[in-house]
Amino acid sequence: MNLHEFSDLLREKKVIVSDGATGTNLIQRGLKQGETVEKWVLENPEIITELHLDFIDAGAEIILTSTFGASEVRLEQSGLKDMYEQVNHAAVTLAKEATKNTQILVAGSIGPLGQMLKPFGPLEIRKAEGYYARQAAVVCAAGVDIIVIETQFNLDEAKAAISGVKSSCAEALVCSFSFDRGVKTMMGVSPSSFAKEMEDLGISAIGINCGKSLDDNFKALNELAKSTDLPIWFKPNAGLPYLDKSGKPKYDILPEQMAKNVPAWINAGARIIGGCCGTTPEHLKAIADIVNTSR
């Protein structure tokens, strides 16, 4: 799906429902500390598929692949670097199987590389572009409909990601930042400066995911909407986490509490809406029900 086709879909639907969290839901389903989602793609594919299907049943119209941390450089940390093509291809295949015979889009999730760019870290921009290009090439060849570069915090890395992805893949491209310091990223990037830097890069949408509280993310959404004419992708966390007695992260926002914010998100300019950390299928169903009544 190219940029123009994605734009046509947004015009047709007005608002599109994306899915919820991957990592925090898999933790609740048995992912242990130190295990990676990408390892589960190979070892527990049925649980990955089950989560995709649960989000589809809840009303998701976009499903993200379990490839957030599946770049070569990040997979090296879990001993899977030599299997990066297999991991990425398998994750896309699971999502495509779950969405078979539907009009639900499969979005290739690409997260940060996990290393800082020079001068703050060891990674050269050209190498970063290469990592992004190679991951995008695999997920695009496997059949994703769009690419989502997500949870970014550094403008230089985001631009390297966009350049790399566009060099190897022609699908519609979304770039989403995490404003984890309230209304700025850990590198001090504001929503307005993010929007300005994305203006002429030929992407389909920009957005916000993860971050901090619902209130903080809503403030970031308002600033972003005032700074761009691009469609906005919006996947906030279900509140702030705490640890339960077993040491698993829990989130304090109930599905109905999250859903009551949806009209304000739409009025502020969000066009693709889902949830990030803590967003369960139950949260997503409540969100989808409100979106569907707004169409």
Side-chain angles (χ1 to χ4, degrees), residues 1-3 6 16 18-19 21-23 37-38 62-75 84 87-88 91-92 95 105-117 123 125-142 144-180 185-187 189 191 193-211 220 224 228 230-236 271-272 274 276-277:
M1 173 176 281
N2 62 33
L3 185 154
F6 187 66
I16 299 175
S18 186
D19 59 5
T22 298
V37 171
E38 291 73 27
I62 298 176
I63 293 293
L64 273 78
T65 59
S66 298
T67 52
F68 177 86
S71 63
E72 293 168 87
V73 66
R74 288 192 67 163
L75 288 177
Y84 91 93
V87 170
N88 281 281
V92 176
L105 301 182
V106 173
S109 169
I110 298 181
L113 297 175
Q115 294 184 13
M116 299 292 285
L117 295 182
L123 199 58
I125 287 180
R126 192 170 297 277
K127 281 193 174 181
E129 288 178 355
Y131 286 131
Y132 281 113
R134 287 190 290 277
Q135 185 180 5
V138 177
V139 297
C140 282
V144 299
D145 298 295
I146 65 174
I147 294 285
V148 180
I149 298 167
E150 58 178 331
T151 324
Q152 295 290 314
F153 55 88
N154 182 324
L155 287 170
D156 288 337
E157 181 172 351
K159 287 189 282 188
I162 291 167
S163 176
V165 170
K166 288 172 73 69
S167 73
S168 62
C169 182
E171 307 301 340
L173 176 58
V174 178
C175 184
S176 180
F177 265 51
S178 172
F179 297 96
D180 60 348
T185 74
M186 62 181 288
M187 297 294 288
V189 180
S193 60
F194 164 48
K196 182 178 180 181
E197 293 290 334
M198 298 294 110
E199 274 180 6
D200 301 318
L201 298 184
I203 61 178
S204 302
I206 61 175
I208 295 166
N209 75 285
C210 203
L224 186 63
T228 186
L230 287 170
I232 294 177
W233 170 281
F234 191 60
K235 290 188 68 178
R271 301 292 305 281
I272 307 102
C276 204
C277 301

Is any side-chain heavy atom of [X] less than 4.5 Å from a side-chain heavy atom of [Y]?
| X | Y | answer |
| --- | --- | --- |
| I149 | L173 | yes |
| K166 | L201 | no |
| I146 | S204 | no |
| E171 | V165 | no |
| K235 | L64 | yes |

Sidechain-backbone polar pair: [X] side chain, [Y] backbone, donor-acceptor under 3.5 Å:
| X | Y | value |
| --- | --- | --- |
| S176 | N209 | yes |
| D145 | L105 | no |
| Q152 | F177 | no |
| R74 | P112 | yes |
| S18 | G274 | no |
| T65 | S109 | yes |
| N88 | A70 | yes |
| E129 | S163 | no |

Between atom [atom1] of [X] and atom [atom2] of [Y], what is the distance when rounded to the nearest 0.5 Å?
| X | Y | atom1 | atom2 | value |
| --- | --- | --- | --- | --- |
| L75 | T67 | CG | OG1 | 10.0 Å |
| C169 | I147 | SG | CD1 | 4.5 Å |
| D156 | L117 | CG | CG | 6.5 Å |
| M198 | K196 | CE | NZ | 12.5 Å |
| I206 | T228 | CD1 | OG1 | 3.5 Å |
| E157 | M187 | CD | CE | 9.5 Å |

**Asked** Please walk me through it: do L123 and Y131 pass side chain to side chain contact (heavy atoms under 4.5 Å, CB included)?
**Response** CA-CA 11 Å; L123 199 58; Y131 286 131; 3.9 Å; yes

Provide the closest heavy-atom pair for [X] versus [Y] in the form atom of the first, atom of the second, distance.
| X | Y | result |
| --- | --- | --- |
| S167 | A133 | OG-CB, 3.6 Å |
| A128 | A160 | CB-CB, 4.3 Å |
| A205 | I272 | CB-CD1, 4.4 Å |
| Y84 | V138 | CE1-CG2, 4.0 Å |
| T185 | F179 | CG2-CD2, 3.7 Å |

**Message:** Applying side chain to side chain contact (heavy atoms under 4.5 Å, CB included) to C210 and D180, what does each step give before you reach the verdict?
**Reply:** CA-CA 7 Å; C210 203; D180 60 348; over 6 Å; no

**Asked** Of V148, I16, L224, which is the lone residue that meets side chain to side chain contact (heavy atoms under 4.5 Å, CB included) with W233?
**Response** V148

